Amino acid sequence: MSEQPDAGVGGEAAVASPGADRPPLAALLEAVLMVAERPVGVAELATGLGAPAREIERLLPELAEGYVRDGRGFRLRHVGAGWRFYTADECAPWVEGFVLAGQSARLSQAALETLAVVAYQQPVSRGRIAAVRGVSADGVIRTLTARRLVEEIGHDPETGAILYGTTDYFLERMGLRGLDELPPLAPLLPGLDDLDDIVAP
Amino acid sequence: MSEQPDAGVGGEAAVASPGADRPPLAALLEAVLMVAERPVGVAELATGLGAPAREIERLLPELAEGYVRDGRGFRLRHVGAGWRFYTADECAPWVEGFVLAGQSARLSQAALETLAVVAYQQPVSRGRIAAVRGVSADGVIRTLTARRLVEEIGHDPETGAILYGTTDYFLERMGLRGLDELPPLAPLLPGLDDLDDIVAP
Amino acid sequence: MTRARADAAGAEPATPTARGGRTEPFVVELANFTGPFDLLLSLIAKHRLDVTEVALSQVTDEFVAHIRRLGDRFDLGQATEFLVIAATLLDLKAARLLPGALSDDESEDLALLEARDLLFARLLQYRAYKEASALFAGLMALEARHVPRAVPLEPRYAAALPEVQIGIGPTELAALAAKLREPPLPPLVATDHVHLPRISVREHMLAIILLLRELGAADFRTLCAGCQQTIEVVARFLALLELFREGRISFDQEIPLGELTVRWIAVDPAADGDLLSIGRGLYDEDPADEPREAAS
C-alpha cells in the first residue's frame with residue numbers, strides 16, 4: 001500500500017492496494033463468486049477480500065434476496081461448504097434444452113488426449129496436463145468432469161493443486177475392471193535399441 | 001416496475017416453451033449465459049430460447065447497462081462471437097487472488113508481432129509473414145496455433161501454401177467483437193503527409 | 001533508468017510500450033544525432049534525416065558495445081531486430097550512394113527511386129506492425145482484467161446430459177498417452193528460406209575449359225554430360241555465356257536452330273596459366289576478394 005503508483009505500465013498493473021477506489025464489498029463478492037469454480041466459504045471470502053466475515057455474512061443473503069426480488073435468471077445459494085451462483089429454478093427447462101443442444105455426445109480430440117493423460121498419469125494436476133499437452137486444460141477438464149469420466153481425487157501436498165483421476169464410470173465405459181488393465185505404455189515408446197541408431201549413425 | 005416489462009413477451013413467443021409459466025426473456029438470457037462456457041451469439045440464443053433475435057438484441061445491451069448502472073461485480077459483454085458474463089474490471093485485483101487457473105502466459109514480442117501481421121493481412125501465408133518480419137515465422141506460428149490464437153483457414157489457390165487467420169478466441173482475448181474493430185493500421189505508418197517529402201525531395 | 005533516457009524514449013510514443021521496458025533501449029550517439037535507435041529510424045523514415053549522412057558502421061559498433069555491456073541480459077530479440085533494420089538501412093544507403101551501373105539517365109534514377117521507396121515501405125510496414133503489436137499487448141492486458149465466467153456445469157444439467165461416447169478403446173487411449181509422453185521436438189530454426197548458392201558458376205566455367213581444352217570443340221549436350229540436376233545445366237549455360245563474354249570461346253552454328261558447337265579459341269599463354277582468375281567476382285564469389293571494376 002506504500003508502493004508508488006506504477007506510472008509506466010498503462011492499465012495492466014495490479015493495483016492490489018485497497019485504496020480509495022475499492023469497489024463496494026457487495027460488488028467484490030459478486031465478482032469473485034461469478035468466476036469461482038466451486039462454492040466459496042465465508043472465511044475464504046473474508047481472507048481473500050480483506051473484509052470482516054460478519055459483514056460478508058450479512059451481505060450474501062441480502063444479495064441473494066435481491067436477485068429473487070428482481071426476478072433475475074440466476075440465484076446465489078448457500079450450498080454445502082459455501083456460496084455459489086446457480087441458474088434460477090424456473091429457467092431450468094430452457095437452460096437444459098440449451099445445454100443439451102450445445103453438447104456433443106462424442107468427446108473431442110482435445111478431451112480424448114486429456115483423458116489419456118489423466119488415465120496414465122493420475123493423480124495429476126491441471127498444470128501437468130497443460131504442460132504435457134502444451135495448452136491450457138481447464139475447459140477440457142470441466143467437460144470431462146461434467147461427463148463423470150474424471151474427478152478430483154485429492155490435493156498436491158506441496159502446492160495444494162487439485163489432483164485429478166479417472167472414475168469408476170470411466171473404467172466401466174472402457175470395459176476395464178481396474179486401472180491395472182490399461183494397456184502398458186512402454187511398448188509404444190521408441191525402443192531403447194532404436195536409441196543406438198540415433199546416437200551413433 | 002421497469003424490471004418486468006417483458007412479462008407479456010413470454011406468452012406470445014412461446015415456440016418451444018416447456019410450460020405455460022415462462023419466465024421473462026431477460027431472466028432466461030441471464031440463466032442461459034450463466035452456464036455458457038464461451039460467448040454465445042444472438043442467433044444461437046434465439047434458437048435455443050425460441051424468441052425473436054431482434055428482441056434478444058435489444059435486451060442484451062439493456063441488461064449489460066443495468067449491471068453497470070447498479071455497480072454490480074459482473075458484466076455482460078459482447079466479445080468475439082457473442083455475449084458472455086465477465087467480472088467487472090474494477091474488481092480485477094481482488095478476483096485474481098481467487099482465479100489461479102486459466103491465467104494465460106504473456107506472449108513474446110515475436111509472437112505479438114506475428115499475431116499483428118496475421119490479424120491485418122489474413123488470410124496470409126508463412127512466407128508473407130516472414131517477408132514482413134524479416135525472419136522465419138514457423139516456430140512462432142506453431143506457438144500461436146497451439147494457443148488457439150491463429151488457425152489454418154485455407155490454401156493459396158496458386159502456390160498451395162497454407163493460409164493463416166486469427167480465431168474467435170483471439171478476438172475474445174483482445175476484447176473485440178470482430179476484426180473490423182482492430183485499431184486501423186494506417187495511422188501507425190509514419191504520416192502520409194510526410195509522403196510529399198519522400199516523393200519530391 | 002536515468003531521466004535523460006526516459007525523456008528520450010518518451011519522444012517516440014510507441015516504443016516504450018512495444019518493448020514493455022524489458023530491455024535496456026539501444027541509444028545511438030553520432031555526430032548529427034543522439035538518441036534511441038528507434039527514433040533515428042523514425043527520422044530517416046520521415047525524411048528528416050538523410051540516411052547517407054548516418055554513419056552505419058558507427059551505429060553497428062555502438063550496438064556491439066551495447067550488447068557487450070548488457071552481458072547476461074543480452075536480448076536475442078533486440079539483436080535480431082537490429083540486424084534486420086541495419087541490413088535494410090545498409091541496402092538503402094548503398095542504393096542512394098552507388099551511381100547507376102550503366103548510365104545516369106532518368107529511367108535509371110526512377111528505378112533507383114522505386115527501389116529506395118520499396119525499402120522504405122518495407123521498413124515502415126515492419127515498424128507499423130511492431131507498433132500494432134504494442135497495441136495488441138495493451139488490449140490483451142486490458143482484457144485480462146475481465147475474467148470470463150467458466151465454471152463446471154451445475155449437477156442437475158450435468159446429470160441430464162446423454163451418455164458420453166468415448167469413441168476409442170483402451171489400446172487407442174494408450175497410443176494417445178504414449179504419443180503425448182514423447183518429448184516434444186526441440187524447436188528448429190528453419191533455414192530453407194535462406195538462399196544457398198549450391199552451384200558455383202565459376203566451377204562450371206573451369207569444368208568447361210578443361211573439357212574444351214581436351215576436345216577442342218564440343219556441342220552443349222556433350223558439355224553438360226556430367227550434370228545431374230537442372231540447376232547444373234543452367235550453371236553450365238551461364239558459364240558458357242560468361243566465357244563468351246570474356247572472349248575465350250566461340251559459338252558455331254551451321255544452320256538456324258541447328259547444333260551449336262562451342263570452340264575453345266586460342267588466348268595468350270599467360271591467361272592460360274591464370275585459370276583461377278576466371279570468373280572472379282561473378283555470381284558466387286566473395287566480392288571483397290577482388291572488387292568488381294566499374295563498367296566504364
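As the structure is a prediction and not an experimental result, all values here were calculated from the model. Worth knowing before you read on, the calculation uses all heavy atoms, side chains too, and leaves out hydrogens, waters and symmetry mates.
Side-chain contact between B:V132 and B:Q121 is present, with heavy atoms from C-beta onward closer than 4.5 Å. Contact of the B:F85 side chain with the C:V151 side chain is not registered, since no non-hydrogen atoms from C-beta on lie closer than 4.5 Å.
No other option in B:E90, B:R77, B:M34 has as many heavy-atom pairs under 4.5 Å with chain C as B:R77. Ranked by heavy-atom pairs shorter than 4.5 Å toward chain C, the options B:V79, B:V117, B:V35 are led by B:V117.
Heavy atoms closer than 4.5 Å to chain C are found in the side chain of B:A119, but not in its backbone.
The pair B:E57-B:R54 does not meet the salt-bridge criterion, since no charged nitrogen lies less than 4.0 angstrom from a carboxylate oxygen.
No donor-acceptor pair closer than 3.5 Å links the side chain of B:T167 to the backbone N or O of B:E151.
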